[in-house]
Amino acid sequence: MTARIEHLVTSGTFELDGGSWEVDNNVWLVGDDREVIVIDAAHDADAVAAAVAGRRLVAVVCTHAHNDHVNAAPELASRSGAPILLHPADEVLWKAAHAPREFGYRELIDGEELTVAGTALHVLHTPGHSPGAVCLYAPEPGAVFSGDTLFKGGPGATGRSYSDFGTIIASIRDRLLTLPADTTVHTGHGDDTSIGAETPWLDAWIARGH
């Protein structure tokens with residue numbers, strides 16, 4: 001039986017390079033009635049814990065370490081005893097998000113496979129929006145959780161510290177657009193899309209250059 005995908009939207013601020021922006025974040029839960037993984041515990045630990053609803057929390061997975069994607073992760077992990085998983089290339093952003101306190105995490109590695117409710121999530125390292133950005137690909141049920149790497153209409157932002165446009169384009173081209181066209185893309189902000197819907201626009205994104 002394939003795990004189900006649940007969706008929660010939380011609101012707060014994104015802060016980087018001295019700026020602050022009000023944002024709505026997508027929080028994704030993958031699991032069944034017994035256990036669940038949370039992808040990007042954003043802003044509101046109480047709301048995320050309510051969505052977990054007493055199930056065993058297998059892990060709190062961070063697609064990257066911008067503060068708006070990880071600011072509720074330590075509290076959620078502390079309540080449940082679940083590990084926080086993050087790619088180590090985002091260490092500097094993780095520390096910035098939680099300063100002056102320090103919280104530990106388990107390193108998430110490219111190619112690693114996470115399993116919840118009998119469903120595999122494959123870790124794809126997709127740097128560009130941040131050095132340690134990852135996406136999680138679930139062949140069943142045909143979904144990829146893209147964080148801020150790929151959105152409906154284009155790549156994630158690369159105009160701030162620790163980001164790079166050429167790198168994110170390479171990540172999208174080589175790691176995401178090679179997935180089946182009917183793969184649903186569950187993004188870090190905004191609406192879902194699909195691999196097939198975004199693939200034709202790659203050359204236009206490159207020409208736009210940002």
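Below, all heavy atoms of this structure are taken into account, side chains as well, without hydrogens, waters or symmetry copies.
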Practice task
Indicate if Leu136 and Leu124 have the same hydrophobic cluster label, given that clusters are the connected sets of ILVMFWY residues with side-chain heavy-atom separations under 4.5 angstrom.
Solution key: no
Problem - Beyond-backbone contact of Val123 with Ile109, side-chain heavy atoms, under 4.5 angstrom - result: no
Exercise for the section: Would you check if there is a donor-acceptor pair between the side chains of His43 and Asn71 at a distance under 3.5 Å? Expected result: yes
Practice task
Flag yes if Leu76 and Val36 sit in one hydrophobic cluster, no otherwise; membership is Ile, Leu, Val, Met, Phe, Trp, Tyr, and two members link when side-chain heavy atoms are under 4.5 Å apart.
Solution key: yes
Practice task
Mind telling me whether His7 and Trp28 have parallel, tilted or perpendicular rings, with 30° and 60° as the class edges?
Solution key: parallel
Problem - OG on Ser146 to CG on Leu176, rounded to 0.5 Å - result: 7.0 Å
Completion exercise
Separation between CZ (Arg208) and CG (Asp203), nearest 0.5 Å, reads 12.5 Å
Exercise for the section: Spell out, yes or no, whether Ile84 and Ile37 are grouped together once hydrophobic residues are joined by side-chain heavy atoms under 4.5 Å, including indirect joins. Expected result: no
Fill in the blank from the handout: Interatomic distance, CZ@Phe145 vs CG@Leu121, rounded to 0.5 Å, equals 6.5 Å
Handout entry: For Asp110, side chain to side chain contact (heavy atoms under 4.5 Å, CB included) partners two or more places apart
Key = His125, Arg175
Exercise for the section: Give a yes or no answer on whether the side chain of Asn26 reaches the backbone of Gly190 with a donor-acceptor pair at less than 3.5 Å. Expected result: yes
Practice task
Using the six-membered ring wherever Trp is involved, compare the ring planes of His129 and His64 and label them parallel, tilted or perpendicular (cut-offs 30° and 60°).
Solution key: perpendicular
Problem - Option passing side chain to side chain contact (heavy atoms under 4.5 Å, CB included) with Leu85 (candidates Val58, Ile39, Leu114) - result: Leu114
Exercise for the section: May I ask you to decide if the ring planes of Trp94 and Tyr105 are parallel, tilted or perpendicular, using 30° and 60° as cut-offs? Expected result: perpendicular
Problem - Glu198 CD to Thr193 OG1 distance, which is reported to the nearest 0.5 Å - result: 3.5 Å
Practice task
Examine distances only and state if a side-chain atom of Arg34 and a backbone atom of Ala117 form a donor-acceptor pair shorter than 3.5 Å.
Solution key: no
Handout entry: Heavy-atom pair of closest approach, residues Val116 and Gly31
Key = CG2-CA, 4.1 Å
Practice task
Flag yes if more than 12 heavy atoms outside Glu113 fall under 6.0 Å of its CD atom; otherwise flag no.
Solution key: yes
Problem - Side-chain heavy-atom pair His122, Pro139 within 4.5 angstrom cut-off - result: yes
Exercise for the section: Please assess Thr149 against Ile168 for the test side-chain contact (heavy atoms from CB on, under 4.5 Å), listing each intermediate value before the final yes or no. Expected result: CA-CA 7 Å; Thr149 295; Ile168 201 171; 4.2 Å; yes
Exercise for the section: Please check if any side-chain donor atom of His66 sits under 3.5 Å from a side-chain acceptor atom of Asp148, or the reverse. Expected result: no
Problem - Short side-chain to backbone donor-acceptor contact, Asn67 and Val70, under 3.5 Å - result: no
Handout entry: Atom pair OG1/CG of Thr63 and Asp40 - distance to nearest 0.5 Å
Key = 3.5 Å
Practice task
Taking the side chain as every heavy atom from C-beta outward, state whether Asp90 and Pro131 have any atom pair closer than 4.5 Å.
Solution key: yes
Practice task
Determine whether Val61 and Leu57 fall in the same hydrophobic cluster, where Ile, Leu, Val, Met, Phe, Trp and Tyr are linked whenever their side-chain heavy atoms lie under 4.5 Å apart.
Solution key: no
Exercise for the section: Using a 4.5 Å cut-off on heavy atoms from C-beta on, say whether the side chain of Thr187 contacts that of Leu150. Expected result: no
Exercise for the section: Taking all heavy atoms of Phe151 and all of Gly156, pick out the closest pair and write down the distance. Expected result: CE1-CA, 3.6 Å
Practice task
Treating Ile, Leu, Val, Met, Phe, Trp and Tyr as nodes and any side-chain heavy-atom pair under 4.5 angstrom as an edge, say whether Phe165 and Leu177 lie in one connected cluster.
Solution key: yes
Practice task
Using modelled atom types only, decide if a donor and an acceptor are shared between the side chain of Asn25 and the backbone of Asp68 within a distance under 3.5 Å.
Solution key: yes
Exercise for the section: Write down the atom of Pro180, the atom of Ile195, and the distance for their closest heavy-atom approach. Expected result: O-CB, 3.6 Å
Practice task
State, yes or no, whether a side-chain contact exists between Arg55 and Leu29 at a heavy-atom distance under 4.5 Å.
Solution key: yes
Exercise for the section: Verify whether one side chain among Ser161 and Asp17 offers a donor that lies under 3.5 Å from an acceptor in the other. Expected result: yes
Exercise for the section: Please name the pair of heavy atoms, one in Ala77 and one in Ala82, separated by the smallest distance, quoted to 0.1 Å. Expected result: CB-O, 3.3 Å
Problem - Short side-chain to backbone donor-acceptor contact, Glu15 and Ser20, under 3.5 Å - result: no
Completion exercise
Tightest non-hydrogen contact, residues Pro155 and Ile169, listed as CG-CD1, 4.3 Å
Exercise for the section: Would you confirm whether Thr119, through its side chain, and Ala3, through its main-chain N or O, come within 3.5 Å as a donor-acceptor pair? Expected result: yes
Problem - Whether His69 and His189 hold their rings parallel, tilted or perpendicular, with breakpoints at 30° and 60° - result: perpendicular
Practice task
Return yes if some donor-acceptor pair links the side-chain N/O of Ser194 with the main-chain N/O of Ala197 below 3.5 Å, else return no.
Solution key: yes
Exercise for the section: Over all heavy atoms of both residues, which pair between Ala72 and Ala42 is shortest? Give the atoms and the distance, please. Expected result: CB-C, 4.0 Å
Handout entry: Note, Arg79 side chain near Asp46 side chain (heavy atom, < 4.5 Å)
Key = yes
Practice task
Could you tell me whether a side-chain N or O of Ser163 sits under 3.5 Å from a main-chain N or O of Thr158, the two making a donor and an acceptor?
Solution key: yes
Fill in the blank from the handout: d(Thr167 OG1, Tyr162 OH) to nearest 0.5 Å is 15.5 Å
